[in-house]
Amino acid sequence: MDRLLDAIAAIGRGTLGAARMCGRITLFALDGVSQIVRPPFYPRMVGRALAEIGYFSLPVVALTAIFTGMVLALQSATGLARFSAESQIASLVVLSVTRELGPVLAGLMVAGRAGAAMAAELGTMRVTDQIDALTTLSTNPMKYLVAPRLLAGAIALPLLVVVADILGVLGGYIIATLKLGFNGHVYLNNTLDFLETQDVVSGLVKAAVFGFLVALMGCYNGYNSKGGAQGVGSATTAAVVSASILILAFDYVLTEIFFIR
Amino acid sequence: MSAPANGTVPKLRIRGLKKAFGPKQVLDGIDLDIPAGTSLVVIGGSGSGKSVLIKCVLGLIEPDEGIIELDGKNLLAMDREARERAVATMGMLFQNGALFDSLPVWENVAFGLLARHRVRRAEARQRADAVLAQVGLAPSVGDLWPSELSGGMQKRVGLARAIAASPDLLFFDEPTTGLDPIMGAVIDGLIVDVVRRLGSTAIAITHDMASASRIADSVAMLHKGQIIWQGGPEALMSSGNAIVDQFTHGRREGPITMELRR
């Protein structure tokens, strides 16, 4: 009986801990978002964060997208050949990339690169008193450090996904024309004929949400890190893991919303 | 608003300040008066709550109980904007400098001017160079990054950043820690100079008795969350208080016992 009660108590503690964590992250996010719209503004910090999240993530996102498009074309050729539907390769590639793989893979890549960097930078600032120093210099750290990154995350990832969409289709085009014997003009026509605005828009909305989540988890974990180098390392790991899980969870939620429409 | 017996309002008045972290009572009823234009040095063992005390005044940590009055106005009863305005009149030199490593030295020094006073960048650079000169650094240092500086230079830049906006109240968190004795004396000299020049009130916390003697107009000893002794720097090494004497002379035997964990 005692063991059962201990087990129930442990589950209860875990549940309460998870609820507290969700509450803290939500309050952190609300504070960060409210700082985006209230002056003073720090455009230089937004520009820096845009470069860090967007521009410097471009190579890794581009490579991921182009290889994903190539693999997708090869795999769909194998599968669709069983139904004599090889002509659908173009539509399958473009829909998969724009609706799903572009935003999810770009989000995961940015979480691993920029999210980790954010957590490490803010974590180091926390354990070396730089965040306290900001406060003593009459600067709200949430406004100066967090708000620009949240805004930049929500802007940069959709831009990256536009590039990823184009390169993903290009990857499929390369395989379809060079290896599978498709006519390039026909492949592109099929791609555009089956693509609807809604496909691209749903991917870009997902990307904006994922970008915000990556920045949120990077900032939250870094901002609240403790205990020196080990604490910063733990914050970095937590930022990448939590952002990756949230991306996949929110991907389902957003897909459900767009699926209904 | 309250005043001591002589009728003058102290620059900083602390009464009954308490702060606990979990079961550990770090500050347990601190009472302090710091007259305007004077320098108080707070000494005490590691973990005695010295840093927590000044972080409470700066608003970096919210105390559990007590009163902190700046010029007779209770900081803890102020709304957020008024508190921010009050904190804007303070400057802080952190123990490790806490320089922003993503900014060059001159932007570190001018950060408060750019953020708080909305000074144009060209003018901020000029003022940063002037403040760097006050702490004995050439304008060319302004173009370096914090990672390119030695420990002593980082302290000087931290000091320059703390005084750039001419604060009324200055805090120094272990200003000589990690420096050789000569550089420590140089930093102490700079602190005394800038505090006199600005006419500021200063609070420093340190373990370094030589540093305390050089900086202080008065010294307070913090032990087990309370101020157990206060006096002039000349009385520091012969206070007549067993706890203070053990601490200032660095004796192993005495009323202060170290908790050793195996």
Side-chain angles (χ1 to χ4, degrees), chain A residues 17 20 27 31 34-35 38-53 56 114 117-149 152 218-219 222-229 231-232, chain B residues 21 51-52 54-62 80-103 107-118 121 124 146-147 154 157-165 167 169-174 177:
Chain A
R20 267 197 296 271
L27 289 175
D31 190 10
S34 75
Q35 299 297 345
R38 282 186 291 175
F41 303 111
Y42 296 102
R44 280 165 59 92
M45 294 301 287
V46 177
R48 198 185 141 211
L50 275 172
E52 184 60 40
I53 300 168
F56 292 116
M118 273 182 233
E121 184 178 358
L122 266 61
T124 305
M125 290 186 75
R126 167 63 71 195
V127 301
T128 56
D129 289 332
Q130 291 179 53
I131 292 181
D132 282 350
L134 279 174
T135 306
T136 66
L137 293 163
S138 301
T139 301
N140 183 338
M142 288 295 292
K143 185 178 287 298
Y144 184 76
L145 296 173
V146 177
R149 285 170 169 82
C219 291
Y223 196 87
N224 294 295
S225 67
K226 296 173 188 163
V232 176
Chain B
F21 294 101
S51 295
V52 174
I54 58 175
K55 283 184 176 179
C56 284
V57 179
L58 282 161
L60 300 172
I61 292 176
E62 209 58 35
R80 188 171 166 173
E81 283 184 10
R83 183 95 182 253
E84 284 174 0
R85 279 197 300 275
V87 170
T89 66
M90 304 177 193
M92 167 85 173
L93 170 61
F94 286 84
Q95 184 176 351
N96 57 10
L99 301 178
F100 305 127
D101 41 25
S102 59
L103 299 176
E107 281 196 59
N108 266 280
V109 174
F111 192 93
L113 299 172
L114 291 163
R116 190 186 307 163
H117 301 285
R118 301 275 149 197
R121 288 178 67 80
S147 59
Q154 288 194 11
V157 174
L159 179 59
R161 186 176 67 182
I163 64 171
L169 185 57
L170 272 162
F171 297 92
F172 304 101
D173 187 355
E174 308 206 11
T177 297

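We name chains A, B, ... by the order of the sequence lines, and we start the count at 1 in each one. Remember, predicted model here, so these are calculated numbers, not experimental data. Note that these values count all heavy atoms, side chains included, but never hydrogens, waters or copies made by symmetry.
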Which donor-acceptor pairs fall under 3.5 Å between chain A and chain B:
residue	atom	partner	partner atom	Å
Thr128(A)	O	Asn96(B)	ND2	3.4
Gln130(A)	OE1	Asp101(B)	N	3.4
Gln130(A)	NE2	Asp101(B)	OD2	3.4
Ser138(A)	OG	Arg116(B)	NE	3.0

Please give me the minimum heavy-atom distance between [X] and [Y], naming the atom from each residue.
X: Val127(A); Y: Gly228(A); value: CG1-N, 3.7 Å
X: Ala49(A); Y: Ala152(A); value: CB-CB, 3.5 Å
X: Ala162(B); Y: Pro167(B); value: O-CG, 3.3 Å
X: Phe41(A); Y: Pro39(A); value: CZ-N, 3.6 Å
X: Pro146(B); Y: Leu103(B); value: CD-O, 3.2 Å

If you round to the nearest 0.5 Å, how far is CG of Leu159(B) from CG of Leu170(B)?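 With rounding to 0.5 Å, CG (Leu170(B)) is 8.0 Å from CG (Leu159(B)).
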
Considering only heavy atoms from C-beta outward, does the side chain of Phe172(B) approach that of Ile54(B) to under 4.5 Å? no

Is Phe100(B) close to chain A through its backbone or its side chain, or both, or neither, when contacts mean heavy atoms under 4.5 Å?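 Phe100(B) touches chain A through backbone and side-chain heavy atoms alike.
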
Interface moiety of Leu134(A) toward chain B, non-hydrogen atoms closer than 4.5 Å: both

